[in-house]
Amino acid sequence: MTDNNLPDNIEPNATSHTLDEANKIPKHIAIIMDGNGRWAQARGKKRTRGHKAGVERAREIVETSGKLGVESLTLFAFSSENWQRPQEEVSYLMELFVIALNREVKMLNKHSVKLNFLGDTSAFNNKLQESIAKAEHLTKDNDKLRLNIAANYGGRWDIVNSVNSLLQENAGISSISEELLDSRLATSHLPPLDLLIRTGGEVRISNFLIWQAAYAELYFCDTLWPDFDANELQKAVDAYAKRQRRYGKTGEQVQADGDE
Ligand code: FPP
């Protein structure tokens, strides 16, 4: 026994591993694109100018994700709480989404990107809902990168929505398993979330993919979203590649299982 009365034959956790890091590309990356407003304000511009720059950056990150071989990229474009922003900013964002969607959809289709919206899009204006429906329809058979735009999305909404769907489908249901709940989430058709990135310096999840992030690797950086370029994404992927995902096991067990 050691001085503090704990047994001294407990193996230490492994802190390093030897796998080929270059092969460890996350299948599913999600990003909280934070910092547009501050980016613009730092340049003496209106916050909306930051959102415009943010769209350009999203374009680059989609392209880079495809090149890296990421299967699924989920971007948090508008949370269920973002309606509380000044009306002028909300209206600008709606208009920007329509313009960006209509402008980019052909390019996305050409690169075989399959676009899907996650969230309660029925709250958006008709123009935006039409653009969403058209874009999803045009890209529905594509199979390279899945691009998921979380819009009017909230993690708690997603869980409650799943439970409500199950209750409606199975009158008198007495219990719900994790697998069942998972199967009705907005992300049920996607690979499990591997890497959750938040730009802009805040260290919180802000009601994004809260169920799905249970075992995701988290990556927070100070870079404001309009400055988050291909190089920054590579840094996040490199950091992910160095992590050992243990899912509650010891490092030795994971290595012995060859789970990494
Ligand atoms: C966060 O910056 C960004 C948003 C609230 C959402 C808007 C995101 C974009 C326009 C980028 C890409 C869009 C698409 C369609 C993929 P913030 O306003 O919270 O910044 P702040 O924290 O500096 O105020």
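Since the model is a prediction, treat every value here as computed from it, not as a measurement.
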Nearest atoms (heavy-atom pairs only) where [X] meets [Y]:
X      : Y      : answer
Ile61  : Ala230 : CD1-N, 4.2 Å
Arg184 : Ser162 : CB-OG, 3.2 Å
Leu196 : Ala213 : CD2-CB, 4.2 Å
Gly50  : Ala40  : N-CB, 3.5 Å
Arg246 : Val254 : CA-CG2, 3.7 Å
Ala30  : Leu209 : CB-CD1, 3.5 Å

Under 3.5 Å, is there a donor-acceptor pair between the side chain of [X] and the main chain of [Y]?
X      : Y      : value
Arg146 : Pro191 : no
Ser206 : Phe208 : no
Asn152 : Thr121 : no
Asn161 : Trp157 : no
Thr187 : Leu190 : no
Arg198 : Arg204 : yes
Thr139 : Asn109 : no
Arg38  : Gly200 : yes
Arg59  : Val55  : no
Asp158 : Ala186 : yes

Starting at [atom1] of [X], measure out to [atom2] of [Y] and round the result to the nearest 0.5 Å.
X      : Y      : atom1 : atom2 : answer
Ser165 : Asn170 : OG    : CG    : 10.0 Å
Arg57  : Asp227 : CZ    : CG    : 6.5 Å
Thr48  : Asn36  : OG1   : CG    : 10.5 Å
Leu93  : Arg85  : CG    : CZ    : 7.0 Å
Tyr215 : Leu193 : OH    : CG    : 14.0 Å
Thr74  : Ile197 : OG1   : CD1   : 11.5 Å

Find out if a path of hydrophobic residues (ILVMFWY) with successive side-chain heavy-atom gaps under 4.5 Å connects [X] to [Y].
X      : Y      : result
Leu108 : Ile99  : no
Leu101 : Val62  : yes
Leu167 : Val160 : no
Leu147 : Leu195 : yes
Phe76  : Leu96  : no

Next on the checklist: So that I can tick it off, tell me whether Glu136 and Lys140 are bridged by a salt bridge, with the cut-off set at under 4.0 angstrom between side-chain N and carboxylate O.
Outcome noted: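 Glu136 and Lys140: not salt-bridged.
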
Item to check | For Phe124, the option from Tyr153, Trp83, Phe97, Phe117 that meets ring pair (Phe, Tyr, Trp, His ring centres under 6.0 Å) | outcome: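 Of the listed options, the one satisfying the test is Trp83.
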
Crowded around [X] [atom1]? As in, over 12 foreign heavy atoms under 6.0 Å?
X      : atom1 : result
Glu169 : CD    : yes
Gln41  : CD    : yes
Arg156 : CZ    : no

Close side-chain approach of [X] to [Y], heavy-atom, < 4.5 Å:
X      : Y      : result
Glu95  : Lys127 : yes
Gln255 : Gln244 : yes
Glu104 : Leu115 : no
Glu89  : Asn82  : no
Lys106 : Lys110 : no
Tyr240 : Ile29  : no
Ile149 : Ile132 : no
Ser112 : Asp143 : yes

Which donor-acceptor pairs under 3.5 Å do the side chains of residues 216-225 make with protein atoms, sequence neighbours left out?
from, atom 1, to, atom 2, distance (Å)
Glu217, OE1, Arg243, NH1, 2.9
Thr223, OG1, Glu232, OE1, 3.1
Trp225, NE1, Gly54, O, 2.9

Checklist entry - Could you go step by step and tell me if Val237 and Val70 meet the side chain to side chain contact (heavy atoms under 4.5 Å, CB included) rule? => result CA-CA 10 Å; Val237 169; Val70 172; 5.6 Å; no

Checklist entry - Would Ser72 and Asn148 satisfy side chain to side chain donor-acceptor pair (under 3.5 Å), going step by step from the backbone distance to the final call? => result CA-CA 7 Å; Ser72 176; Asn148 318 295; 3.0 Å; yes

Checklist entry - Should Lys134 and Glu130 be marked as a salt bridge (charged side-chain N to carboxylate O under 4.0 Å, His left out) after you check the CA-CA gap, both sets of side-chain angles, and the distance that decides it? => result CA-CA 6 Å; Lys134 264 195 207 159; Glu130 274 167 30; 5.8 Å; no

Checklist entry - Does the side chain to side chain donor-acceptor pair (under 3.5 Å) test come out yes or no for Tyr92 and Arg49, once each step is laid out? => result CA-CA 10 Å; Tyr92 179 87; Arg49 181 65 188 77; over 6 Å; no

Item to check | Step-by-step side chain to side chain contact (heavy atoms under 4.5 Å, CB included) determination, Asp194 to Arg245 | outcome: CA-CA 10 Å; Asp194 293 315; Arg245 302 183 76 187; 2.8 Å; yes

Next on the checklist: Could you walk me through whether Leu73 and Val113 satisfy the side chain to side chain contact (heavy atoms under 4.5 Å, CB included) test, starting with their C-alpha distance in whole Å, then the side-chain angles of each, then the deciding distance to 0.1 Å, before giving a yes or no?
Outcome noted: CA-CA 10 Å; Leu73 174 69; Val113 175; over 6 Å; no

Next on the checklist: Side chains of Gln168 and Asn164 only: does a donor on one sit below 3.5 Å from an acceptor on the other?
Outcome noted: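 Judged by distance alone, the side chains do not pair up.
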
Checklist entry - When you check the side-chain N and O atoms of Ser80 and Asp120, is any donor under 3.5 Å from an acceptor? => result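 No.
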
Item to check | Candidate pair Met94 and Phe78, rule side chain to side chain contact (heavy atoms under 4.5 Å, CB included), full reasoning | outcome: CA-CA 9 Å; Met94 296 300 131; Phe78 194 84; 3.8 Å; yes

Checklist entry - What's the verdict on salt bridge (charged side-chain N to carboxylate O under 4.0 Å, His left out) for Glu56 and Arg103, showing C-alpha distance, side-chain angles and the deciding distance? => result CA-CA 12 Å; Glu56 298 310 320; Arg103 193 187 69 184; 3.2 Å; yes

